[in-house]
Amino acid sequence: ARRAIYWFRRGALGRDSDAYVNLGDCYLHSRGVAKDPAMAFAWYRKAARSANWFARLKVAEMYRKGLGVTQSSRWALHWYKRTPLPSAFYHVGIMKLGLDDADSAVLALNEAAQCGHVGAMRSLSICYALGRGVSKDPGAAKYWFDKARSSKRFSDLTWLAGTITADINDPLDKPQR
């Protein structure tokens with residue numbers, strides 16, 4: 001691990017954004033160095049500023065969780081929106097639902113679902129079933145339910161089936177698995 005740290009640092013001197021991400025991983029997961037989430041965040045942010053999409057996702061997650069940095073939904077959304085990856089769109093959608101911006105949430109969830117993100121499909125199904133951010137549409141709810149089911153992720157489907165058939169007020173009240 002120490003040898004890897006040496007080479008990652010050499011890559012970082014050459015301004016290699018992947019080396020920045022690797023150093024961030026080392027500090028976050030205590031690989032060859034003492035665990036230091038703040039240092040991990042600093043390396044991820046440096047890579048994110050170099051347009052590394054994976055690093056932008058990591059920075060957004062760290063802001064969302066308050067890991068190595070003060071928790072900030074505003075900054076988490078800032079970085080998620082600059083990350084053109086399905087999981088980023090999914091997190092934007094979930095965060096927007098929590099902020100009662102259901103219209104924007106559905107747009108972001110739809111983007112992620114179109115890219116095959118099962119969690120987004122599940123969330124869209126619930127939005128259509130409850131009429132949250134969209135008109136209630138059992139056909140669309142079933143469509144997204146079936147798309148999620150075709151992914152064969154049973155734990156998600158068990159939760160989804162229970163959510164749709166139960167009398168609930170808010171899909172965010174149920175724990176995510």
Side-chain angles (χ1 to χ4, degrees), residues 1-127 132-134 144 147-148 151 153 156 171-172 176-177:
R2 291 205 181 276
R3 189 176 193 128
I5 296 292
Y6 169 80
W7 288 108
F8 294 151
R9 286 189 175 138
R10 294 245 350 218
L13 288 173
R15 300 176 196 253
D16 180 344
S17 69
D18 289 333
Y20 300 153
V21 171
N22 287 328
L23 281 168
D25 287 344
C26 289
Y27 280 101
L28 187 62
H29 302 291
S30 188
R31 294 185 187 135
V33 292
K35 184 172 185 165
D36 186 344
M39 183 64 78
F41 176 81
W43 283 112
Y44 289 141
R45 186 178 54 199
K46 190 170 186 122
R49 289 179 174 161
S50 299
N52 184 303
W53 294 347
F54 183 71
R56 288 178 178 184
L57 189 60
K58 290 280 204 174
V59 168
E61 282 294 298
M62 292 182 85
Y63 270 120
R64 185 175 67 83
K65 295 176 181 176
L67 184 61
V69 65
T70 302
Q71 192 280 333
S72 171
S73 295
R74 183 172 140 307
W75 280 107
L77 282 170
H78 168 87
W79 285 104
Y80 278 134
K81 288 179 179 178
R82 281 151 185 77
T83 308
L85 300 172
S87 56
F89 290 116
Y90 168 73
H91 285 293
V92 167
I94 294 300
M95 290 181 78
K96 291 285 188 173
L97 280 174
L99 297 171
D100 288 328
D101 185 0
D103 295 338
S104 296
V106 168
L107 290 173
L109 290 170
N110 189 56
E111 189 74 30
Q114 295 293 338
C115 294
H117 193 283
V118 176
M121 292 175 199
R122 178 190 64 211
S123 298
L124 267 180
S125 180
I126 294 166
C127 287
R132 189 155 184 205
V134 291
W144 287 112
K147 288 276 281 189
S151 76
R153 289 191 52 193
D156 284 343
L172 298 178
Q176 300 246 347
R177 295 179 187 213

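Remember, predicted model here, so these are calculated numbers, not experimental data.
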Chemist: Report yes if the side chains of W53 and L57 come closer than 4.5 Å at any heavy-atom pair, otherwise no.
Modeler: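 A side-chain contact under 4.5 Å is absent here.
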
Chemist: What's the shortest heavy-atom distance between F89 and A112, and which atoms?
Modeler: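 Closest approach of F89 to A112: CB-CB, 3.7 Å.
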
Chemist: CZ/R64 to CD/Q71 distance, rounded to the nearest 0.5 angstrom?
Modeler: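 Reported to 0.5 Å precision, the distance equals 9.0 Å.
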
Chemist: Just by modelled atom types, is the V106 backbone N or O under 3.5 Å from a matching donor or acceptor in the N110 side chain?
Modeler: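 Not confirmed, N110 side chain does not pair with V106 backbone.
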
Chemist: Indicate yes or no: at least one non-hydrogen side-chain atom of K58 is less than 4.5 angstrom from one of D25.
Modeler: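 Yes, close enough: below the 4.5 Å cut-off.
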
Chemist: Please find the pair of heavy atoms, one from L28 and one from M62, that lie closest to each other, and give the distance.
Modeler: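 Smallest heavy-atom distance, with atoms named: CD1-CE, 4.2 Å.
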
Chemist: Would a line drawn from the ring center of Y27 to the ring center of F41 be shorter than 6.0 Å?
Modeler: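 Aromatic pair excluded; centres sit 6.0 Å or further apart.
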
Chemist: With no hydrogens and no angle check, is any side-chain donor or acceptor of R82 less than 3.5 Å from a backbone partner on H78?
Modeler: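 Yes, R82 side chain to H78 backbone: donor-acceptor pair under 3.5 Å.
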
Chemist: Working to the nearest 0.5 angstrom, can you tell me the gap between L97 CG and S123 OG?
Modeler: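 Between L97 CG and S123 OG, I get 7.0 Å after rounding to 0.5 Å.
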
Chemist: With side chains defined as the heavy atoms from C-beta onward, is the minimum distance between R15 and S50 less than 4.5 Å?
Modeler: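 Side chain of R15 against side chain of S50, heavy atoms only: no contact under 4.5 Å found.
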
Chemist: Quick one: closest heavy-atom pair of G93 and L109, and the distance?
Modeler: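 In terms of heavy atoms, the two residues are closest at CA-CG, 3.9 Å.
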
Chemist: Taking all heavy atoms of A120 and all of Y90, pick out the closest pair and write down the distance.
Modeler: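 Between these two residues, the closest heavy atoms are N-CD1, 3.5 Å.
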
Chemist: Enter the distance from L23:CG to D18:CG here, rounded to the nearest 0.5 Å.
Modeler: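 Those atoms lie 11.0 Å apart.
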
Chemist: Quick check for you: to the nearest 0.5 Å, what is the distance between L77 atom CG and Y63 atom OH?
Modeler: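 So the gap between those two atoms works out to 12.5 Å.
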
Chemist: If you take all heavy atoms of A51 and R56, which pair is closest and at what distance?
Modeler: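 In this case the closest contact between A51 and R56 is CA-NH2, 3.3 Å.
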
Chemist: From C26 SG over to W43 CH2, what is the distance, rounded to the nearest 0.5 angstrom?
Modeler: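 Atom-to-atom, C26:SG and W43:CH2 are 11.0 Å apart.
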
Chemist: Kindly compute the distance separating CG (L124) from CD (Q114), expressed to the nearest 0.5 Å.
Modeler: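 Reported to 0.5 Å precision, the distance equals 8.5 Å.
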
Chemist: Below 4.5 Å, heavy atoms only, C-beta onward: do I126 and R132 meet side chain to side chain?
Modeler: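 SC-SC contact between I126 and R132 ruled out.
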
Chemist: Quick check: closest heavy atoms across A55 and Y44, and the distance to 0.1 Å?
Modeler: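 So the minimum-distance heavy-atom pair works out to CB-O, 3.5 Å.
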
Chemist: For a side-chain hydrogen bond (donor to acceptor under 3.5 Å, both in side chains) check, start with the C-alpha distance between Y20 and R49, then their side-chain angles and the critical distance, and finish with the verdict.
Modeler: CA-CA 11 Å; Y20 300 153; R49 289 179 174 161; over 6 Å; no

